[in-house]
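Here's the structure we're looking at; comments come further down.
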Amino acid sequence: MASSLSLSVSVILLLCFAGAVSGQRLSPTFYSRSCPTALAIIKAAVTAAVAQEPRMGASLLRLHFHDCFVQGCNASVLLNDTATFTGEQGAGPNIGSIRGFDVVDSIKSQLEAACRQTVSCADILAVAARDSVVALGGPSWRVLLGRRDSTTASMALANSDLPAPSLDVVSLTAAFAAKRLSRTDMVALSGAHTFGQAQCQNFRDRLYNETNINSAFATALKANCPQPTGSGDGNLAPLDTTTPTAFDNAYYRNLLTQRGLLHSDQVLFSGGVTDGLVRAYASTPSRFSTDFAAAMVKMGNISPLTGTQGQIRLTCSKVN
Ligand code: HEM
């Protein structure tokens with residue numbers, strides 16, 4: 001009896017030790033003592049940036065997504081190219097497209113002034129994503145904190161792991177499953193396309209070659225997205241024509257009437273397994289809000305560096 005008790009105590013101790021070595025869990029109160037003003041600084045900066053340009057909220061949310069899907073949420077997306085690695089900013093899904101770096105840099109310098117080398121760039125992205133959604137009318141959630149920053153980045157992984165707008169439901173589901181996100185998470189997170197903009201080169205094929213598109217919607221978009229490929233590639237259109245700068249469920253209502261902008265948007269409502277969820281989010285905004293917030297927390301948990309792994313960068317665009 002005594003020996004089986006001491007055996008189970010040692011097993012518990014061993015498990016605790018293994019947990020400590022493999023890294024710590026993220027916590028919403030991670031900076032409560034080390035940098036109590038951190039969350040307020042980020043919120044104020046994001047609110048001001050979004051007030052100046054509403055699209056910035058969309059751009060900041062997307063930066064967090066593009067960070068998390070490539071080697072985990074470790075701010076690798078923010079690193080400029082160096083002599084030892086080619087970073088992620090030149091990868092296909094990012095080049096000429098991701099934005100928001102100036103806002104992140106400005107937040108980082110304010111945080112460095114308040115609490116030197118304490119708040120990671122990866123956590124700035126996670127909090128800025130939440131504050132962006134809130135600033136434009138969307139749901140809030142408690143952001144888990146304690147991520148650390150990578151010392152490397154990978155253009156190859158950005159090209160392979162970020163989903164392309166040409167994908168169908170099976171491939172989209174697989175891209176999210178590779179990050180341990182479910183099909184429900186995928187459909188809910190796609191609701192991020194309720195704001196922000198896309199370039200003509202990413203939806204031209206849909207306008208000219210697809211049939212599950214509202215004809216008036218296609219005609220209006222064609223005016224600013226001509227054929228052939230090469231002309232007007234960078235011309236922008238809102239991802240959600242109904243409420244372009246509000247974070248709401250209009251994205252899903254648009255899908256019901258074939259007004260999804262990207263191929264990867266409309267495939268979520270095209271007679272397949274995700275139709276039911278799209279209908280549910282279109283008719284019940286609270287269900288979308290709840291699922292979106294839960295999926296954001298899950299996405300923010302993708303392979304974080306914790307404890308003594310990685311570093312706290314002094315400048316988000318380069319390794320210390
Ligand atoms: C489901 C797979 C996804 C695909 C294929 C996809 C693809 C794209 C594409 C092609 C653009 C337009 C880029 C451009 O033309 O410059 C875009 C924009 C955007 N994406 Fe996604 N995306 C996906 C999921 C997500 C997720 C999970 C989020 C965030 C949670 C997100 C947030 C955004 C936002 C906010 C924009 C607008 C950014 C801006 O205006 O600066 N996307 N996405």
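We count ligands from 1, going down the list as the structure has it; atoms in each ligand are counted the same way.
- Taking 4.5 Å as the limit, every side-chain heavy atom of Arg130 sits out of range of all side-chain heavy atoms of Met296.
- For the pair Tyr31 and Leu39, the minimum side-chain heavy-atom distance is 4.5 Å or more.
- Distance from atom 25 (C) of ligand 1 to its nearest protein heavy atom, with residue and atom name: Phe65 CE2, 3.2 Å.
- Of all atoms in ligand 1, numbered sequentially from 1 with element shown, those under 4.0 Å from a heavy atom of Phe176 are 1 (C), 2 (C).
- The atoms of ligand 1 that sit less than 4.0 Å from any heavy atom of Gly196 are 37 (C), 40 (O).
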Note to self: I'd like to know whether Gln266 forms a side-chain contact (heavy atoms from CB on, under 4.5 Å) with Leu255, so could you lay out the CA-CA distance, the side-chain angles of the two residues, the decisive distance to 0.1 Å, and finally the verdict.
What the structure shows: CA-CA 6 Å; Gln266 196 60 57; Leu255 297 183; 3.9 Å; yes
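- Residue Lys318 qualifies as open at atom NZ: its count of foreign heavy atoms under 6.0 Å is 12 or below.
- Annotation for ligand 1: atoms under 4.0 Å from non-hydrogen atoms of Leu262 are 7 (C), 8 (C), 9 (C), 10 (C).
- Here the protein heavy atom with the shortest distance to atom 16 (O) of ligand 1 is Ser97 OG, 2.6 Å.
- The protein non-hydrogen atom at the shortest distance from atom 17 (C) of ligand 1 is Arg62 NE, 3.5 Å.
- Under the 4.5 Å side-chain heavy-atom criterion for Ile, Leu, Val, Met, Phe, Trp and Tyr, Val134 and Leu61 are members of distinct hydrophobic clusters.
- The shortest N or O to N or O distance between Arg55 and ligand 1 is below 3.5 Å.
- Set against the non-hydrogen atoms of Asn202, the atoms of ligand 1 under 4.0 Å away are 10 (C), 13 (C), 14 (C), 15 (O).
- Using a 4.5 Å heavy-atom threshold, the side chains of Asp248 and Phe288 count as separate.
- Contact analysis leaves Leu167 out of contact with ligand 1, as no non-hydrogen atom separation drops below 4.0 angstrom.
- Gln197 counts as a contact of ligand 1, since one of its heavy atoms falls under 4.0 Å from the ligand.
- Taking the side chain as every heavy atom from C-beta outward, Ser27 and Leu145 never approach each other to under 4.5 Å.
- Side-chain contact between Leu239 and Asp265: present, with at least one pair of heavy atoms (C-beta onward) separated by less than 4.5 Å.
- The protein heavy-atom contact nearest to atom 12 (C) of ligand 1 is Ala198 CB, 3.5 Å.
- The shortest side-chain heavy-atom distance between Arg313 and Leu79 falls under the 4.5 Å cut-off.
- In terms of protein heavy atoms, atom 35 (C) of ligand 1 is closest to Ala58 O, 3.1 Å.
- Nearest-heavy-atom check against atom 2 (C) of ligand 1 across Ser171, Pro163, Cys200 picks out Pro163.
- Note: no N/O pair closer than 3.5 Å links Arg99 and ligand 1 by distance alone.
- Contact annotation: for Gln201 versus ligand 1, there are no heavy atoms closer than 4.0 Å.
- Salt bridge annotation for Lys179-Asp185: absent, with no cationic side-chain nitrogen under 4.0 angstrom from a carboxylate oxygen.
- Those atoms of ligand 1 with a heavy atom of Ser59 less than 4.0 angstrom away are 39 (C), 41 (O).
- Looking at Asp233 and Arg204, a side-chain N of the basic residue comes within less than 4.0 Å of a carboxylate O on the acidic one, giving a salt bridge.
- Under a 3.5 Å cut-off, the side chain of Asn249 and the backbone N or O of Tyr281 do form a donor-acceptor pair.
- Annotation for ligand 1: atoms under 4.0 Å from non-hydrogen atoms of Ala164 are 5 (C).
- Contacts between Pro165 and ligand 1, counted as non-hydrogen atom pairs separated by less than 4.0 Å, involve both the backbone and the side chain.
- Residue-ligand proximity, Ser264 to ligand 1, at heavy-atom distances under 4.0 Å covers atoms 5 (C).
- Near Leu172, the atoms of ligand 1 lying under 4.0 angstrom from a non-hydrogen atom of the residue are 1 (C), 2 (C).
- Atom 20 (N) of ligand 1 has as its closest protein heavy atom His193 NE2, 2.9 Å.
- Neither the backbone nor the side chain of Ala129 has a heavy atom within less than 4.0 Å of ligand 1.
- Residues Cys225 and Phe203 are in side-chain contact: their nearest non-hydrogen atoms beyond the backbone lie under 4.5 Å apart.
- With hydrogens and angles ignored, the 3.5 Å screen pairs no side-chain donor or acceptor of Thr284 with any backbone N or O of Ser286.
- Nearest-heavy-atom check against atom 32 (C) of ligand 1 across Ala237, Ala192, Pro238, Ala295 picks out Ala192.
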